[in-house]
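Convention: sequence-line order gives letters A, B, ...; per-chain numbering from 1.
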Amino acid sequence: MPWIEELKDHIGKEVCLRGWVYNRRDSGKVRFVLLRDGTGILQCVFLRDEVSDSTFELADNLNQEALIEVTGEVREFDRAPGGIEMGAKTLRLIADSKDYPITPKEHGIDFLLSRRHLWLRSSRQHALIRCRDTMIRAFHCFFEKLGFILIDPPMITPTSCEGTSELFEVAYFDDVAYLSQSGQLYMEPAAAAFGKVYCLAPSFRAEKSKTRRHLTEFWNLEPEVAFLDLSGDMNLAEDMLTFVVKRLIEKRGEELELLGKGQENFEAHMKLLERLEPPFDRISYTEAVEFLEKKGVNFKWGEKFGADEEAVISEEFSKPVFVHRYPKKATPFYMKEDPDNPELVLNFDLLAPEGYGEIVGGSQREDDLAKLEAAIERCNLPREPLEWYLDMRRYGSFEHSGFGIGMERTLAWITGVHHIRETIPFPRLMDRIYP
RNA sequence: UCCUCGGUAGCUCAGCGGAAGAGCGGGUGGCUGUUAACCACUAGGUCGGGGGUUCGAAUCCCUCCCGGGGAGCCA
């Protein structure tokens, strides 16, 4: 039994297909049944004079998402969706579907998210999740080509990595543990062991964030490389993004097109993606602050950028822009102090254009034991849970850098989808853990 | 946590102090190939919960619950 996506090789032949009723239309002596099997949608045509009365009547009464089996001849037909249709001969109802809630009309987001398990069957969600699949494979492909080793970090951790974000607490026998909010601290020892490593794992953040850029559970890709400085880290990030965007345009053009329908800036957005090439612009935090002042934004050097500031900066550039060397007091403990200015650290954020915010955040890591110890103290972090981490600076301390990139934000930016909750099959949001 | 908008038919919404409405979906019938088909008829409601004001409340007020958008924080 072939899949619908394979039917171009079966034109003129009779096939038997199994699938769900996506939609149904009728006119006089014809019944059109749109059959969906997960790989595609096929129009099956039932003609009154060419099928039995019982088959015609069954075709006339099919419910949306009922599971059926159809046999018939595959043929080319210009006006059919996809250019192929089936002249159906027999029809069998395998499992009925009464009152399917998601009709081919408009629905609100609350309604759809509560039925996410069914919503995934619709064509837009289908396109998005296929893009996600292609994107994640592209990331793996990129790192494999460069000889990186995939290292899986633990999800249950004894302490916070950065001491900032809210953590999900879990009972761990007679103790408490936390769901990981980053694999980075584990990638550093892995880099000392294997040189070039990366992980792709969920990160959990118990922040009460209700915006289009936030999930409580998101997939975080984090490379870590020995003997790499900040500049090399940014090179790696831009090469990676360029590779992934090219792969997506090449393999998922149809899906991107479908997702772009109705988006006003879609043409411009696709041009931007097609022309994406290294190098991306790089400006320092200090230059960014000067730029904000020039734009009339009231902002004090030393503060973190808010959503408004990020938007003003990213609007100035047509592709993602690196902002590097932030003030030390606004950053986590593990970032390396700038040798040219002890008030700064060797880090960067990559801001996506069009309001999608920070999609990559990275840094060169502090490799000086004394400075790292001082930073832990400055951030008021407990020392004992980090002793193992300090060992990296005791036994052959090495220059190294890495970054984290959020899969959902990246996919939202590339596909032009407004809210990242659609970019993951089963989103976890502040007030939503079902289904 | 704060700001803001909302909750009326299965869905999307209109009505905003004086007899509960539309489109879609469901059902029935019609239509010689449809493209979110179309046409006709039809069923379908504790107007989020509770309290108050009023001769009269979906409509005004209070309160609670639920959801959307945003801020902070972050990927």
Side-chain angles (χ1 to χ4, degrees), chain A residues 22-34 41 43-50 59-61 63-64 75 77-83 85 87-88 98-115 122-124 161-167 181-184 200-222 237 261 303-311 330-332 349-352 355-362 403-413 418-421 423-424 429-432:
Chain A
Y22 190 68
N23 200 357
R24 201 167 52 79
R25 287 186 282 269
D26 42 59
S27 174
K29 295 177 182 170
V30 198
R31 297 294 176 265
F32 300 94
V33 175
L34 295 184
I41 291 177
Q43 169 166 292
C44 302
V45 185
F46 295 81
L47 288 165
R48 160 129 272 166
D49 300 335
E50 291 183 15
D60 201 24
N61 287 294
N63 289 313
Q64 195 186 350
R75 63 192 179 215
F77 187 75
D78 285 352
R79 289 162 67 200
E85 68 171 20
K98 290 245 161 64
D99 302 318
Y100 185 73
I102 302 179
T103 59
K105 297 287 172 181
E106 291 157 25
H107 299 284
I109 193 63
D110 179 36
F111 180 84
L112 289 170
L113 282 175
S114 296
R115 290 157 187 79
S122 67
S123 58
R124 181 185 153 85
C161 269
E162 313 187 5
T164 53
S165 303
E166 302 281 335
L167 297 165
Q181 59 171 340
S182 167
Q184 187 215 310
L200 177 58
S203 280
F204 304 91
R205 305 274 166 96
E207 291 153 358
K208 297 199 168 174
S209 303
K210 280 172 68 170
T211 81
R212 66 189 181 103
R213 301 185 307 278
H214 288 88
L215 299 168
T216 56
E217 180 183 73
F218 70 94
W219 285 74
N220 203 2
L221 189 148
E222 297 170 284
K261 259 184 214 163
E303 303 287 304
K304 297 177 187 179
F305 294 133
D308 288 348
E309 286 83 27
E310 283 190 359
T331 54
D349 280 350
L350 182 69
L351 306 181
Y356 288 93
E358 180 188 339
I359 56 176
V360 187
F403 59 79
I405 174 168
M407 294 294 97
E408 289 77 18
R409 280 192 189 175
T410 305
L411 184 60
W413 169 60
H418 183 255
H419 200 300
I420 67 169
R421 64 190 161 205
T423 62
I424 185 167
L429 299 154
M430 187 181 137
D431 284 315
R432 197 180 284 279

Checklist entry - Does a donor on one side chain sit under 3.5 Å from an acceptor on the other, for A:T423 and A:R409? => result no

Next on the checklist: Would you measure the distance from the P atom in B:rG25 across to the matching atom in B:rC41 and give it in whole Å?
Outcome noted: 16 Å

Checklist entry - With sugar-phosphate meaning primed atoms plus P, OP1 and OP2, does A:R48 contact a base, only sugar-phosphate, or nothing at under 4.0 Å between heavy atoms? => result nothing

Checklist outcome for this item: A:D110 CG to B:rG10 C1', in whole Å, measures 15 Å

Checklist entry - Just checking A:L215: base, sugar-phosphate only, or nothing, at a heavy-atom cut-off of under 4.0 Å? => result base

Next on the checklist: Over all strands shown, is A:F111 touching base, sugar-phosphate only, or nothing at heavy-atom distances under 4.0 angstrom?
Outcome noted: sugar-phosphate

Checklist entry - Contact class for A:I405 vs. all strands (heavy atom < 4.0 Å): base, sugar-phosphate, or nothing? => result nothing

Checklist outcome for this item: Closest of B:rC38, B:rG68, B:rA71 to the A:D26 side chain is B:rC38

Item to check | A:F32 CZ to B:rA36 C1', straight-line distance once rounded to whole Å | outcome: 15 Å

Checklist entry - With distance as the sole criterion, is a donor-acceptor pair present between the side chains of A:T103 and A:H107 under 3.5 Å? => result yes

Next on the checklist: Pairing check on B:rC41: which nucleotide meets the Watson-Crick or G-U wobble criteria with it, both distances under 3.5 Å?
Outcome noted: B:rG27

Checklist entry - Is any NZ, NE, NH1 or NH2 atom of the basic residue among A:D60 and A:R48 found under 4.0 Å from an Asp or Glu carboxylate oxygen of the other? => result no

Next on the checklist: Under 6.0 Å from the ring centre and within 45 degrees of the ring axis: does the NZ or CZ of A:R212 meet both conditions for the six-membered ring of A:Y356?
Outcome noted: yes

Item to check | Phosphate OP1/OP2 of B:rG68 contacted by A:H419 side-chain N/O (<4.0 Å) | outcome: no

Next on the checklist: At 4.0 Å (heavy atoms only), tell me whether A:G357 reaches a base, stays on the sugar-phosphate, or touches nothing.
Outcome noted: nothing

Checklist entry - Which residue, A:G306 or A:I109, contacts RNA chain B at a nucleotide closer to its 5' end, judged by nearest heavy atom? => result A:I109

Checklist entry - Contact class for A:R75 vs. all strands (heavy atom < 4.0 Å): base, sugar-phosphate, or nothing? => result base

Checklist entry - Over how many whole Å does the gap from A:M430 atom CE to B:rC74 atom P extend? => result 17 Å

Checklist outcome for this item: In whole angstroms, the gap separating P of B:rG68 from CD1 of A:I420 amounts to 14 Å

Checklist entry - Within the structure shown, what part of the strands sits under 4.0 Å from A:E408 by heavy-atom distance: base, sugar-phosphate, or nothing? => result nothing

Checklist entry - In the structure shown, which nucleotide is the Watson-Crick or G-U wobble counterpart of B:rG21, with both distances under 3.5 Å? => result B:rC13

Next on the checklist: What's the separation between atom OG1 in A:T211 and atom CZ in A:R421, rounded to the nearest 0.5 Å?
Outcome noted: 10.0 Å

Item to check | Which nucleotide in B:rG68, B:rA71, B:rA75 has an atom nearest any side-chain atom of A:R213 | outcome: B:rA71

Checklist entry - RNA chain B: A:D308 or A:T216, which has the more 5' nearest nucleotide? => result A:D308

Next on the checklist: When both hydrogen-bonding distances must be under 3.5 Å and the geometry is Watson-Crick or G-U wobble, what is B:rC74 paired with, if anything?
Outcome noted: none

Checklist entry - Run the side-chain contact (heavy atoms from CB on, under 4.5 Å) check on A:L429 and A:T216 step by step: do they pass? => result CA-CA 5 Å; A:L429 299 154; A:T216 56; 5.8 Å; no

Next on the checklist: Quick one: does any side-chain atom of A:E309 pair with a main-chain N or O of A:G306 as donor and acceptor, under 3.5 Å?
Outcome noted: yes

Next on the checklist: From the set B:rU35, B:rA71, B:rA75, return the single nucleotide nearest to any side-chain atom of A:P81.
Outcome noted: B:rU35

Checklist entry - From the list B:rG70, B:rA37, B:rC74, which nucleotide is the closest neighbour of the side chain of A:E310? => result B:rC74

Checklist entry - For A:E222, which contact category applies under a 4.0 Å heavy-atom criterion: base, sugar-phosphate, or nothing? => result nothing

Checklist entry - Is the side chain of A:R205 donor-acceptor paired with the backbone N or O of A:Q181 at a distance under 3.5 Å, no angle test? => result yes

Next on the checklist: Just to be sure I understand the rule, does A:D431 reach a base, reach only the sugar-phosphate, or reach nothing, if contact means heavy atoms closer than 4.0 Å?
Outcome noted: sugar-phosphate

Next on the checklist: I'd like to know if A:R432 reaches the base of B:rC66 with its side chain such that a donor and an acceptor end up less than 3.5 angstrom apart.
Outcome noted: no

Checklist entry - If we take the P atom in both B:rA14 and B:rA57, what is their distance in whole Å? => result 24 Å

Checklist entry - Can you tell me if the side-chain N/O atoms of A:R31 get under 4.0 Å from OP1 or OP2 in B:rA37? => result no

Checklist entry - B:rG26 P sits how many Å from A:N63 CG, rounded? => result 8 Å

Next on the checklist: Measuring only the C1' atom in each nucleotide, how far is B:rC64 from B:rG72? A whole number of Å is fine.
Outcome noted: 26 Å

Next on the checklist: Whether the side chain of A:H107 and the base of B:rC11 hold a donor-acceptor pair under 3.5 Å is what I'd like checked.
Outcome noted: no

Next on the checklist: Applying a 4.0 Å non-hydrogen cut-off, can you work out what A:R115 is touching in the nucleic acid: base, sugar-phosphate, or nothing?
Outcome noted: nothing

Checklist entry - Separation of A:E207 atom CD from B:rC74 atom P, in whole Å? => result 7 Å

Checklist entry - Does a side-chain N or O from A:R25 land closer than 4.0 Å to OP1 or OP2 of B:rA37, or not? => result yes

Item to check | Donor-acceptor pair present, A:T103 side chain and B:rC24 base, under 3.5 Å | outcome: no

Checklist entry - Base, sugar-phosphate alone, or nothing: which one does A:N23 contact when heavy atoms must sit under 4.0 Å apart? => result sugar-phosphate

Checklist entry - Out of B:rG72, B:rG69, B:rA37, which nucleotide sits closest to the side chain of A:S209? => result B:rG72

Item to check | Nucleotide B:rA75, atom P - distance to CG of A:L429 in whole Å | outcome: 18 Å

Next on the checklist: Taking 4.0 Å as the cut-off, does a side-chain nitrogen or oxygen of A:K208 come that near to OP1 or OP2 on B:rA71?
Outcome noted: no

Checklist entry - When the distance from CD of A:E106 to P of B:rC24 is rounded to whole Å, what number comes out? => result 12 Å

Checklist entry - What integer number of Å spans the C1' atoms of B:rC66 and B:rC47? => result 16 Å

Checklist entry - Do we get A:R75 above A:F77's six-membered ring, with its NZ or CZ under 6.0 Å from the centre and within 45° of the axis? => result no

Next on the checklist: Please give the distance between the P atoms of B:rA9 and B:rG45 as a whole number of Å.
Outcome noted: 11 Å

